[in-house]
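Please read the structure below before turning to the comments.
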Amino acid sequence: MYRRRMEKPVWSLSRLYSRCFLILAAIGLWWLLFVFHFSIVAHEVSSDSPAVTSTEVPPLLHPHQKSATLQSNLPEEPPQRTTGDNQHERQKAPSLQPFWRALASVNNQSDPCAGKYVYMHELPSEFNQELLDNCKQLNPWANMCKYTENAGLGPELEDPEGSLPKNGWFATNQFAVDLIFHNRMKQYECLTSDSGKAAALYVPFYAGLDIARHLWGANVSVRDAGPLRLASWLRTRPEWAVMGGRDHFVVGGRITWDFRRLTDDNKDWGNKLLYIPEVMNMSMLMVERSPYHKDDFGIPYPTYFHPSRDSDVEEWQAHVRAVERPFLFSFAGAPRPELATSIRGQIMSQCQLSKHCNLLECDRGESKCHVPTVLMKLFQESVFCLQPQGDSYTRRSIFDSMIAGCIPVFFHNHSAYTQYVWHLPADYSSYSVFIPEDDIRAGNLSIEDVLLKFSEAEIQGMREEVIRLIPGLVYNDPRHRLSKFKDAFDLTVQALTKKITDLRIRITEGKDDFKLLAGDDGGDIRETDLKLSQREVRQWEGERRNGEIDTLSKQE
């Protein structure tokens, strides 16, 4: 009896020890499985993570040389896989590129700025603010300081005749878009300080104001100094290395030919901004683009109208819709007898012979063409406004006349149809009339006869389309925001961010070879330009010099 009582506790203690051992063993096994599982997951995550973009300053590149620095930042090409694996790889493609965050942000449906973010570089002041500080030197023939007032809109417009509303009208210089665009960007609602998620990166270099100082009399080294310093600065930026500048853009408030000097002869016009390799990779926004270069984009000339409220736009649209238009067509301009290909002489002759035409001659003497209110009154009184080529393909008058509700008549495709594809409808017949230059030059066509054939209903339809386009043809006052309308700035940024996003998608899908610098194909782009655009560059050189001097002096 005593021994049984003593054995029971001994047997129970041994069993307890056994159970404890089994529990500890089970815990240990589960712990090992837990560690093993998450070590595998961590390895898979790290293998899918994007490569970290180096911030090391890339070396100066030859136009025909690819960047080893940038290539080393990209992952190696994945091995060939089956169709199913390739589909999976395409889904993961954005994470394999240094711009993966920018693409990822596009699909964030909860973010109102998804796919719209713009990063603005903080440039040294020599590239923008110092130009304004020295505004008296911006042009040797006129004091440009007054045109830098009111965020680049210029002084408020004086209207002694009372033909324009009191709000929103300024004496804006036609070359002020560099400054206006920069000030609009400062108020852009989707501006970001995080370049990694930006859909586009803006370089606020006042390219037009910079070259205007040196167009007359300066040698090529002086004219090229600013652009070359800009390129040198950009090469030091880690943001630049991500895509070699293909996600960057700059605004030049002059025509493309002012930035496309073909040689280093001091007699040649302009600078070589658009032939610097770094700049050749960027998108260039100008009031007139080159039809031969895919990264040139036309944006509207600034007009005199800069609304600060939606009601300013609506009231003006109602005004031009109701105004009486006693003249069938009009022309404001001067002949170009020194240009053999110009049709302005024939146009002015036809206008003088027609009782339906209102002609405002812009001769070399005193002219009312330089008075904004006189021009706007002319355009408001006309059904059609003739817009032949001037010193180049385009004219500011195109936009001044359209915001007056006047239907433009073009004589060359490059005057509008190939220029402002982000701002004007692809169906050009919906808002304009086209008459080929050759028909006017040959003298076998009457402009009056062509325009008289349009019915009242057709005219009403075209005019209504022109009036509908007005908000997108003007730059609103940078100090205010519109809520109902997109202005020329909004349409430009919208189209540009989409262009760059589409490029990134093509790169991730292997549909773009991601060349770092234009000219990687081994060719010299300037040789191509000598064949394609030599006439355009040279044809108007002398006339631009003389014509612009005259125009600016009259604005004093």
Side-chain angles (χ1 to χ4, degrees), residues 163-165 300 303 305 307 310-333 343 346-347 350-360 375-388 395 397-413 415-440 444-474 484-488 491:
S163 60
L164 298 174
T303 65
F305 184 38
D310 293 317
S311 59
D312 292 344
V313 178
E314 293 168 332
E315 290 170 7
W316 178 249
Q317 287 177 311
H319 170 75
V320 297
R321 184 178 286 116
V323 71
E324 291 291 327
R325 299 180 185 271
F327 296 98
L328 177 65
F329 62 109
S330 67
F331 176 67
I343 61 170
Q346 291 96 317
I347 285 177
Q350 288 199 32
C351 191
Q352 289 169 338
L353 295 173
S354 172
K355 64 180 181 180
H356 298 291
C357 184
N358 190 6
L359 176 64
L360 182 60
L375 282 172
M376 293 306 298
K377 186 174 185 295
L378 173 78
F379 298 146
Q380 289 178 72
E381 293 178 344
S382 308
V383 177
F384 297 97
C385 291
L386 308 184
Q387 301 296 350
R395 310 175 70 203
S397 174
I398 293 169
F399 298 98
D400 287 332
S401 65
M402 289 185 71
I403 66 169
C406 191
I407 301 165
V409 180
F410 297 115
F411 301 87
H412 198 292
N413 283 326
S415 290
Y417 305 144
T418 63
Q419 291 287 341
Y420 310 107
V421 296
W422 294 342
H423 303 83
L424 296 176
D427 180 10
Y428 63 81
S429 63
S430 67
Y431 71 92
S432 70
V433 175
F434 181 71
I435 300 176
E437 275 189 350
D438 289 343
D439 289 339
I440 302 298
N444 56 13
L445 184 146
S446 165
I447 296 173
E448 179 181 301
D449 289 346
V450 171
L451 299 180
L452 283 172
K453 290 179 181 178
F454 286 96
S455 68
E456 188 59 39
E458 290 173 321
I459 291 173
Q460 185 75 16
M462 286 188 286
R463 181 186 302 131
E464 196 58 38
E465 180 66 0
V466 169
I467 294 172
R468 184 190 70 81
L469 292 171
I470 288 176
L473 302 181
V474 301
K484 290 178 59 176
F485 299 104
K486 292 182 178 179
D487 74 340
L491 295 180

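Each residue takes its place number in the sequence, starting with 1.
A donor-acceptor contact shorter than 3.5 Å links the side chain of S446 to the backbone of D449. Here the side chain of W316 pairs a donor or acceptor atom with the backbone of I403 at under 3.5 angstrom. Looking at Q460, its side chain never comes within 3.5 Å of a backbone N or O of E456 through a donor-acceptor pair. The main-chain N or O of Q350 is never found under 3.5 Å from a side-chain atom of S354 such that the two would form a donor-acceptor pair.
Annotation: salt bridge (charged side-chain N to carboxylate O under 4.0 Å, His left out) contacts involving residues 415-428, sequence neighbours excluded, are absent.
Here F454 pairs with F384 under the ring-ring contact (aromatic ring centres under 6.0 Å, His included) rule; sequence neighbours left out. Residues meeting the side chain to side chain contact (heavy atoms under 4.5 Å, CB included) test with P471, sequence neighbours left out: V313, Q317, F485. Listed by chain and number, the residues in a side-chain hydrogen bond (donor to acceptor under 3.5 Å, both in side chains) with D310 are S483 (sequence neighbours excluded). Scored by the side chain to side chain contact (heavy atoms under 4.5 Å, CB included) test, S415 finds Q389, F410, H412 as partners (sequence neighbours excluded). Qualifying side chain to side chain contact (heavy atoms under 4.5 Å, CB included) partners for S397, counting only residues two or more places apart in sequence or in other chains: F379, Q387, R395. Qualifying salt bridge (charged side-chain N to carboxylate O under 4.0 Å, His left out) partners for E315, counting only residues two or more places apart in sequence or in other chains: none. K484 meets the salt bridge (charged side-chain N to carboxylate O under 4.0 Å, His left out) test with E314; sequence neighbours excluded. Partners of P425 by side chain to side chain contact (heavy atoms under 4.5 Å, CB included), not counting sequence neighbours, listed by chain and number: S430, Y431, E465, R468, L469. Remark: D438 pairs with R441 by the salt bridge (charged side-chain N to carboxylate O under 4.0 Å, His left out) rule, at least two apart or across chains. Partners of E458 under the salt bridge (charged side-chain N to carboxylate O under 4.0 Å, His left out) rule, at least two apart in sequence or in another chain, do not exist in this structure. Taking F329 as the reference, nothing meets the ring-ring contact (aromatic ring centres under 6.0 Å, His included) condition, with sequence neighbours excluded.
Using a 4.0 Å cut-off between charged nitrogen and carboxylate oxygen, R321 and E464 count as a salt-bridge pair.
Side-chain contact between L164 and Q380 is present, with at least one heavy-atom pair separated by less than 4.5 Å. For the pair M402 and I470, the minimum side-chain heavy-atom distance is 4.5 Å or more. At least one side-chain heavy atom of S330 sits under 4.5 Å from a side-chain heavy atom of C385. F411 is listed as a side-chain neighbour of L386, based on a closest heavy-atom distance under 4.5 Å. With contacts defined as side-chain heavy-atom distances shorter than 4.5 Å, the pair D312/P165 does not qualify.
When all heavy atoms of C406 and S382 are compared, the closest pair comes out as SG-O, 3.5 Å. Shortest non-hydrogen contact noted between L359 and C351 is CB-SG, 3.6 Å. Residues G405 and R463 approach most closely at O-CG, 3.5 Å, considering heavy atoms.
If you take NE2 on H423 and CG on D487, they are separated by 8.5 Å, rounding to the nearest 0.5 Å. Annotation: the span from Y417 atom OH to S429 atom OG amounts to 8.5 Å, rounded to 0.5 Å. Atoms CG and CG, from L378 and N358 in turn, are 5.0 Å apart once rounded to the nearest 0.5 Å. Atom CD1 of I440 sits about 4.0 Å away from atom CD1 of I447, to the nearest 0.5 Å. The line from CG of L451 to CD1 of I407 is 9.0 Å long, rounded to the nearest 0.5 Å.
Test V466, L424, L491, I398 against L473 for side-chain contact (heavy atoms from CB on, under 4.5 Å) and you get one pass: L424.
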